[in-house]
Amino acid sequence: MFPYQRPRRLRKNETIRRMVRETSLSPDNFIYPLFVTYGKNVRKEIKSMPGCFQESVDRIVKHAKEVYSLGIPAIILFGIPEHKDEIGSEAFNPQGVVQKAIRAIKDKVPGLYVITDVCMCEYTSHGHCGIIEGSDVKNDPTLELLAQEALSHAKAGADMVAPSDMMDGRVEAIRTALDDEGFIETPIMSYAAKYASAFYGPFREAAESVPQFGDRRSYQMDPANRREAVKEVALDIEEGADIVMVKPAMTYLDVISDIKEHFSLPVAAYNVSGEYSVIKAAAKMGWIDEERAMMEVLTSIKRAGADIILTYFAKDAAKVLNR
Ligand code: PBG
């Protein structure tokens, strides 16, 4: 075929490259994670995640305005409560940090779509995502707590809830609890294929949710498994999930692609803390071009099949895209 076929013809200049580009990013694709903590006028940078903060409700409202003004449609909220206990009761306290933040943000920035992370690990003294018996994380008793937590978020005005605990049956438990109380229109985005990943390290500092013993491998997925992700997603869809998520993103692009092929629901991917921090760190060392690396990573996640990307880069990337 050479010299008749010369693929370089379509790479000649930016105009033609733009015309044949297969994947495009938009701020519409992003969800920006925010960490809400107790107190007043708190804005504490997370050391391992430069540019990300733990913020009190008053400060998070300002931050939410900034996110909205960049054209990012949604945030996902994580809470750092003042008190933790065995069953994570702050998770479903109507006066908890997340519940307060939802009300304040919906009041001041009503156009911003507020999603909440539903999990126990930020609220339990042991740092696990469920109820502990001995050294075991008990599945079924945890479902009731997760359902209460999701319901309290919906009551506070959350637009969507996102369970990240990986207990079996939690989507159904949450769907039932929401429907019983009339929240039939509140969608569930499930962290459907969530792997036991080393890349959550910086987040656990951010959310103060390091497990006090053991690890999460008895509930989060084994990184070696690909077909199992299809099973997990199928189950969550049966249980009523509206959007399914793969997490992390960069090391699971094959899984994102599989889920996109197999199902017709919107697919989300979580570009997690460690994926963010390694780029930040390498850029700080002068080893990579931060902006190019960021855009390449986000484009790859979209190209693999993600419709929605949860990312700490959302603001930086939106600024690039809005230029
Ligand atoms: C809570 C939760 C975690 C993340 C999102 N929700 C941490 C974990 O499972 O340990 C990770 C997010 C990130 O690393 O950016 N279960």
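All ligand and atom numbering here is 1-based and tracks the order in the structure.
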Do side-chain atoms of Lys280 reach the backbone of Met49 as a donor and acceptor pair under 3.5 angstrom?
-> no
Short version for Asp165: what comes under 4.0 Å of ligand 1, heavy atoms counted, is neither
Would you check if the side chain of Asn13 reaches a backbone N or O of Arg17 as a donor-acceptor pair within less than 3.5 Å?
-> no
Nearest-option assignment for atom 7 (C) of ligand 1, heavy atoms, candidates Phe203, Phe78, Tyr219, Tyr276 = Phe203
May I ask you to list the atoms of ligand 1 that are less than 4.0 angstrom from any heavy atom of Lys247?
-> 2 (C), 3 (C), 4 (C), 5 (C), 6 (N), 11 (C), 12 (C)
Would you call the rings of Tyr270 and Phe78 parallel, tilted or perpendicular if under 30° counts as parallel and over 60° as perpendicular?
-> tilted
Test item: Asp159 side-chain N/O and Ile115 main-chain N/O as donor-acceptor pair under 3.5 Å = no
May I ask whether Gln220 places a heavy atom under 4.0 Å from ligand 1?
-> yes
Judged by atom type as modelled, is there a donor-acceptor pair below 3.5 Å linking the side chain of Glu172 to the main-chain atoms of Glu239?
-> no
Would you check if the side chain of Lys302 reaches a backbone N or O of Ala306 as a donor-acceptor pair within less than 3.5 Å?
-> no
Just jot down the ligand 1 atoms closer than 4.0 angstrom to any heavy atom of Ser164, in number order.
-> 1 (C), 2 (C), 6 (N), 16 (N)
Tyr312 contact mode with ligand 1 (heavy-atom cut-off under 4.0 Å) | side chain
If we number the atoms of ligand 1 from 1 as shown, the ones under 4.0 Å from a heavy atom of Cys121 are 1 (C), 16 (N)
Could you tell me which atoms of ligand 1, counted from 1 in the order shown, lie closer than 4.0 angstrom to a heavy atom of Tyr270?
-> 12 (C), 15 (O)
Side chain, backbone, both or neither: which part of Cys119 has a heavy atom under 4.0 Å from ligand 1?
-> side chain
Expected output: side-chain Ser56 to main-chain Asn41 donor-acceptor under 3.5 Å | yes
When distances are taken from atom 14 (O) of ligand 1, the protein heavy atom at minimum range is Ser273 OG, 2.7 Å
Shortest protein heavy-atom distance from atom 9 (O) of ligand 1, along with the residue and atom involved | Lys194 NZ, 2.6 Å
Roughly how far apart are Leu321 CG and Asp316 CG, rounded to 0.5 Å?
-> 11.0 Å
